[in-house]
Number of protein chains: 2
Amino acid sequence: MEKAIDKFTKYLRENHMRLTKPRRIIVESILEINKHFNAELLYEEIKKRDKSVSLATVYRTMPLLIKAGLSKQSFRCSSKDNYENAYNEEKHLHMICGVCHKIVEVNSEICMIKLQEMAQANDFTLKNINITINGICGDCKRKLKEEDEKI
Amino acid sequence: MEKAIDKFTKYLRENHMRLTKPRRIIVESILEINKHFNAELLYEEIKKRDKSVSLATVYRTMPLLIKAGLSKQSFRCSSKDNYENAYNEEKHLHMICGVCHKIVEVNSEICMIKLQEMAQANDFTLKNINITINGICGDCKRKLKEEDEKI
DNA sequence: ACTGTTTTTGAGAATCATTATCAGAAAAAC
DNA sequence: GTTTTTCTGATAATGATTCTCAAAAACAGT
Ligand SMILES: [Mn+2]
Ligand SMILES: [Mn+2]
Ligand SMILES: [Zn+2]
Ligand SMILES: [Zn+2]
């Protein structure tokens, strides 16, 4: 597999953009994060390496990382956009607990294939599939029940 | 089928809430909208009936309509939350063109069933399933290609 | 290395959908 | 009608994201 930084460099060059120090640091940082992340979390990770990179640059760079195929948009939680690395990631969906915001990842090959077919059938050039199941996890459900019974 | 206003009244009573004039107007208004809507669009529809209802009340009432089962959260487009009526609506998914923001609705019984099973298997109390396919529609694709060729 | 050109950046302001606040109005209870 | 509870409109606040712009960095040619 191609190294992330090479893939990014290639993308940048193809689009007349430059591989700068902040951009390199950002790529190195997303590789350190092996879970979902939002702009703020990534920013914290970046600051471990270099305090001078600005949050604005983080926001500016995310779309580039996505277009370059390094990251992809994931779910949205608590009004924040979340991302995850596209590297070595199988397509999957997210179940989000609306109470504790726990995320559970699940695979569904069948859904993914069906959805890809649907895009094709509708002359849609697929960029991203997002499946989110909102609900309440077992733990929270139980806690809520207990509280109910107290009253 | 139960009338929307009755369903809402019932929900309100069960939760020690009151059926007020603004709330009644809002329910009447969502029934006039037979497509997806965001807070702003609903607010415009409401103003046709009564100019005095405030946007704050629209935002305040949406969660109630959802909990009462009249509306449900749909997709998010251009940084805005979109809703649609739950009445007579089959479960379906949305394909959104990232360029012209056109929405195409498709049904996928198979996906929905699979996802419900998954929620169950993970001890998740399902509140809402959201499937969004992001991409570029055929029309926009063609236009973009033409522009590319001009350069 | 020097110089002009293009792209990028950090800092901070601006945007804008959504929430929170709060004093006055409505609705239910008495 | 009076009291109690819940709602509401107006408006301020919030907060994630985007925009602006002058200064800095990267590049290309010499
Ligand atoms: Mn994931
Ligand atoms: Mn729909
Ligand atoms: Zn939970
Ligand atoms: Zn389009």
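Protein chains get the first letters and strands the later ones, always in sequence-line order, with residue 1 at the start of each.
The CD atom of B:E14 sits 18 Å away from the C1' atom of C:dA28 (whole-angstrom rounding). As rounded to whole Å, 16 Å separates atom C1' of C:dA28 from atom CG of B:N15. Here C:dC16 presents its P atom at 13 Å from OH of B:Y59, a figure rounded to the nearest Å. Note: CD1 (B:I66) to P (C:dT18) measures 11 Å, nearest angstrom. Taking atom CZ on A:R13 and atom C1' on C:dT7, their separation rounds to 16 Å, with Å as the unit. Atom CZ in A:F8 sits about 12 Å away from atom C1' in C:dT8, given to the nearest Å. The distance between atom CG of B:L64 and atom P of C:dT18, rounded to the nearest whole Å, is 16 Å. One atom, CG of B:D81, and another, P of D:dA16, lie 15 Å apart when rounded to the nearest Å.
Applying the side chain to side chain donor-acceptor pair (under 3.5 Å) test to residues at least two apart or on different chains, the pairs with a partner in residues 118-140 of chain A are A:K102-A:D139, A:D123-B:R142, A:N130-A:T132, A:D139-A:R142. Residue pairs that meet the salt bridge (Lys or Arg N to Asp or Glu O under 4.0 Å) test with at least one member in residues 57-71 of chain B, sequence neighbours left out, do not exist here.
A:I46 CD1 to A:L42 CG: the interatomic distance, rounded to the nearest 0.5 Å, is 3.5 Å. Distance check: A:C140 SG to A:H101 NE2 gives 9.0 Å after rounding to the nearest 0.5 Å. The structure places OG of A:S108 at 12.0 Å from NE2 of A:H92, a figure rounded to the nearest 0.5 Å.
Here A:N34 pairs with nothing under the side-chain hydrogen bond (donor to acceptor under 3.5 Å, both in side chains) rule; sequence neighbours left out. For B:E109, the side-chain contact (heavy atoms from CB on, under 4.5 Å) partners are B:I113, not counting sequence neighbours.
With salt bridges taken as basic N to acidic carboxylate O contacts below 4.0 Å, one links A:R49 and A:E28. A salt bridge links B:E44 with B:K47: the closest approach of a Lys/Arg side-chain nitrogen to an acidic carboxylate oxygen falls below 4.0 angstrom.
Residues A:L93, A:M95, A:V104, A:V106, A:M112, A:L115, A:M118, A:F124, A:L126, A:I129, A:I131, A:I133, B:L93, B:M95, B:V104, B:V106, B:M112, B:L115, B:M118, B:F124, B:I129, B:I131, B:I133 make up the rest of the hydrophobic cluster containing B:L126, defined by ILVMFWY side-chain heavy atoms closer than 4.5 Å, directly or through other members. Summarising the hydrophobic clusters (Ile, Leu, Val, Met, Phe, Trp, Tyr; side-chain heavy atoms under 4.5 Å, direct or chained), the residues clustered with B:I110 are A:I110. Other residues sharing a hydrophobic cluster with A:I96 under the 4.5 Å side-chain heavy-atom criterion for ILVMFWY residues are A:F75, A:I103.
For A:S74 and A:E84, the side-chain atoms include at least one donor-acceptor pair closer than 3.5 Å.
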Pairs of donor and acceptor atoms involving the side chains of residues 13-21 of chain A, under 3.5 Å and at least two apart or interchain, shall be tabulated with distances.
| residue | atom | partner | partner atom | Å |
| --- | --- | --- | --- | --- |
| A:N15 | ND2 | A:Y11 | O | 2.8 |
| A:T20 | OG1 | A:R23 | N | 3.4 |

Exercise. Determine, for nucleotides 24-30 of chain D in 5'-to-3' order, which nucleotides have protein heavy atoms under 4.0 Å from the base (write B), from only the sugar-phosphate (write S), or from neither (write -).
Key: -BBS---

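Two end axes, each from the C1' atoms of five base pairs, can be drawn for the helix from C:dA1-D:dT30 to C:dC30-D:dG1; they diverge by 30°, to 10 degrees.
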Table of protein N/O atoms under 3.5 Å from nucleotides 20-25 of chain C N/O atoms:
| residue | atom | partner | partner atom | Å |
| --- | --- | --- | --- | --- |
| C:dT21 | O4 | B:R60 | NH1 | 3.4 |

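Under 4.0 angstrom from either OP1 or OP2 of D:dG9 there lies at least one side-chain N or O belonging to B:T57.
Across residues 33-55 of chain A, A:S52, A:V53, A:S54 each have a non-hydrogen atom less than 4.0 Å from an atom of DNA chain C (numbered order).
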